[in-house]
Amino acid sequence: MKPLTSAPKGTQDALPSDITRWHYIERTALDIAERYGFFEMRTPTFEHTELFNRAVGDTTDVVQKEMYTFNDKKDRSITLRPEGTAGVVRAAIEHNLLGGQLPVKASYVISCFRYEKPQAGRLREFHQFGVESLGSPSPASDAEVIALANQLLQTLGVSKIKLFINSIGCKHCRPAYQVKLREYFSSHKEKLCETCLTRLETNPLRIIDCKSPICKEIAAQAPKMIDHLCPECEEHFAELRERLEAMGINYEIDPDIVRGLDYYCRTVFEFVTEAIGAQGTVCGGGRYDGLIEELGGPTLPGVGWAMGLERLQLVMAASNAETPAPLPCELFIAPMGRAASIAAGTLVQKLRAEGVSADCETMGRSLKAQMRYADKLGAVYTMVLGDNELAECKATIKEMATGNTAEITLGDDFANEFIKLSLQRCISDVADAAAKL
RNA sequence: GUGGGUAUAGCUCAGUUGGUUAGAGCGCCAGGUUGUGGCCCUGGAGGCCGUCGGUUCGAGCCCGAUUAUCCACCCCA
């Protein structure tokens, strides 16, 4: 049969067989973030379009051609968030968190939306884990958030990844640098590609990122921002490097990291892999000292990053990272007959109420099929319960790993008896393991 | 937005110069044990061969369009 419809282009379903991995990643991320003092924050999936125009920047590709923007029924312009920082900063301003104790440290798990042509590691709806630290101008904060990303990646078993850092200066040194850059590229005007010719007027910094071979060649000789930092930015960057080295975090300086969101200044960084195709930036972020003020908040700095969770899973797979298996079913009950089926349903309900993962047959299949099913569930024990046994309050229980069976009595307190049985198994497992040492 | 590859079963893929009723492995279901899983054996279900049009006596195969998907550019997570 033909399906009625299919998922929209560039979206993905997370199926039950995927969800253990998603939960593992999200829990690990939130947990590590909490240890660094970052607590989860939830903001709306859509915001006023103006927020992103102001935060991300009118001239960026994200705003100009990638946003899902629509008018609601009262004709307000609404946009599905293309990234997470703007919403977090907006919420922090709106609830006056920045008038309280600083820094404000928040984390988030969100889906983001960008209208792009999908390819490996790039979707129209994708998921991010991110952190934002608001209020501290010190490179201590830059180092802290980088350390957090680094630890998260390590914990998740991501090995094939490298950290690149750069400084793109501040509102004092960048304009002077841009003048120099424009002068330099103007002297090579006739060789630049078409898009770079417009970039020359709007944002010459972007030419450095151009992938066309000729522009690349010209850009290679261009003056680097990192060589034209003001003393304050110079000092900030030096201290960040000192701190990363003190923490034993490996990094490389990549003077060509520019980043396409306008709010960044000073520190920018990316965790990049070559193992998942052309879209190798798994985590990207930096400092955004003017953003809070730009959005109508106090004059306070900020720094943060976001990690693409689909790309993260790709690089985890490429790194052969292990993810935990779903919790096994502790007891599967295979009833034979109508009365037994009702009793089985009641028993598993009791066990579940006691916190045990238990299941029973609902398909009315043969015992053989039920055993097969129990095996696929990874059941630790399977109980066979026939109408005749039920009448005698008895049942057979089988330990699936060994195949051993035993007859048991079904008392009123069977649930508790079973919990004790499982506990004993755990104790004997531990004893066996200890004996082997 | 630009370029290239691909489209056959739930998944991974065969399918001869165009020729009867389209295949395999895995998965699913059932049987081999009238009440016991894994291994093995046997059988079964499941396909508008992406869609529309064209060429032809005849198209899964050739041509065109379209859609989807993958990859790359651009950009970013």
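Order of the sequence lines fixes the chain letters, A, B, ..., with proteins taken first and strands second; residue numbering starts at 1 for each chain. It should be emphasised that the depicted structure is a prediction, and the values quoted were computed from it without experimental measurement.
Residue M400(A) has its side chain nearest to G37(B) when only G35(B), G1(B), G37(B) are considered. In the set A72(B), G32(B), C75(B), the nucleotide with an atom closest to the side chain of K368(A) is G32(B). Listed candidates were G35(B), C75(B), A30(B). Nearest to the side chain of T396(A) is G35(B). Distance from the side chain of M371(A) is smallest for U36(B) among the nucleotides U36(B), C71(B), G35(B).
In this entry C26(B) has G10(B) as its Watson-Crick or G-U wobble partner, both defining distances falling under 3.5 Å. Within the shown strands, A72(B) is the pairing partner of U2(B) under the Watson-Crick or G-U definition, both distances less than 3.5 Å.
For the pair Q119(A) and A72(B), the criterion of a side-chain N or O lying under 4.0 Å from OP1 or OP2 is met. Taking side-chain N and O atoms only, R372(A) has a distance below 4.0 Å to OP1 or OP2 of A30(B). Contact annotation: K376(A) side-chain N/O to C28(B) OP1/OP2 distance is under 4.0 Å. OP1 or OP2 of U69(B) sits under 4.0 Å from a side-chain N or O of K9(A). Listed pair R365(A) / C29(B) meets the phosphate criterion, a side-chain N or O lying under 4.0 Å from OP1 or OP2.
Q370(A) comes within 4.0 angstrom of nothing in the nucleic acid, heavy atoms only. Within 4.0 Å (heavy atoms only), E389(A) reaches at least one base atom of the nucleic acid.
In this structure, Y373(A) atom OH and C28(B) atom C1' are separated by 13 Å, rounded to whole Å.
Under a cut-off of 6.0 angstrom, the local environment of CG in N250(A) is sparse, with at most 12 non-hydrogen atoms contributed by other residues, nucleotides or ligands. Atom CG of L15(A) sits in a crowded spot, with more than 12 heavy atoms from other residues, nucleotides or ligands closer than 6.0 Å.
With a 4.5 Å cut-off on side-chain heavy atoms, T323(A) and I25(A) do not count as touching.
Side chains of Y184(A) and Q221(A): a donor-acceptor N/O pair is absent below 3.5 angstrom, by distance only.
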